[in-house]
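See below for the structure under consideration.
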Amino acid sequence: MSKKIIALAGDHGGYDLKTILKSYLEERGYEVLDLGCNGAESVDYPDFAQVMADAILEKKAARGVLVCGSGIGISIAANRYTHVRAALVHDRLTAELSRLHNDANVLVMGGRTIGPDVAKDCLKAFLNTEFEGGRHQRRIDKMS
Ligand code: RB5
């Protein structure tokens with residue numbers, strides 16, 4: 001699996017932000033696996049958390065990004081899958097910490113709660129920060 005394949009998914013509340021992030025990634029040479037939704041029509045966020053969980057499990061993408069209106073519902077749903085470590089972030093620091101300390105494999109943001117520039121900043125930090133391991137690995141192992 002290429003480190004460059006990033007899966008994106010979200011509900012209608014995250015659709016506009018997902019579209020912005022898709023362009024951001026493609027402009028930087030990433031291959032995007034867009035798992036929907038595909039418009040503003042109302043859908044249910046657990047369905048998109050599930051397709052993301054499946055894509056990560058099947059190694060169709062190295063990492064994923066989920067978006068719903070607040071980011072809350074879809075992060076709760078995604079974290080029901082034991083192989084998913086989904087981090088709801090609000091700024092560059094929380095995005096960076098999600099990688100350094102939590103080895104997050106899915107970044108979550110709220111399309112109605114974060115602006116596009118901050119969201120891009122979060123995504124950049126998520127993609128470019130490595131897990132620190134050590135004591136943080138022990139803590140992650142306790143959740144597996
Ligand atoms: C959909 O209206 C909204 O509830 C959803 O996107 C999300 O914010 C739920 O947590």
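Small disclaimer: the values here were computed from a predicted structure and weren't measured. What's counted below: heavy atoms across the whole structure, side chains too, no hydrogens, waters or symmetry copies. Just so you know, ligand 1 is whichever comes first in the structure, and atom 1 is the first atom listed for that ligand. We count residues from 1, following the sequence as given.
In this structure, the side chains of I6 and L33 stay at 4.5 Å or more apart for every pair of heavy atoms.
Under the 4.5 Å side-chain contact rule for hydrophobic residues, V106 and I76 share a cluster.
Atom CZ of R80 sits in a sparse spot, with 12 or fewer heavy atoms from other residues, nucleotides or ligands closer than 6.0 Å.
A ring-ring contact (aromatic ring centres under 6.0 Å, His included) check over residues 54-101, counting only residues at least two apart or in different chains, returns the pairs H101-H136.
Under a 4.0 Å N-O distance rule, the pair K18/D34 qualifies as a salt bridge.
F131 approaches I140 most closely through the heavy-atom pair CZ-CD1, 3.6 Å.
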Between ligand 1 and the protein, give all atom pairs where both partners are nitrogen or oxygen and the distance is under 3.5 Å, as lines of names plus distance to 0.1 Å.
unit_1: ligand 1; atom_1: 2 (O); unit_2: R112; atom_2: NH1; d: 3.3
unit_1: ligand 1; atom_1: 6 (O); unit_2: D11; atom_2: OD1; d: 3.4
unit_1: ligand 1; atom_1: 6 (O); unit_2: D11; atom_2: OD2; d: 2.6
unit_1: ligand 1; atom_1: 6 (O); unit_2: G69; atom_2: N; d: 2.7
unit_1: ligand 1; atom_1: 8 (O); unit_2: G69; atom_2: N; d: 3.4
unit_1: ligand 1; atom_1: 8 (O); unit_2: S70; atom_2: N; d: 2.9
unit_1: ligand 1; atom_1: 8 (O); unit_2: S70; atom_2: OG; d: 3.2
unit_1: ligand 1; atom_1: 10 (O); unit_2: S70; atom_2: OG; d: 3.3
unit_1: ligand 1; atom_1: 10 (O); unit_2: G73; atom_2: N; d: 2.9

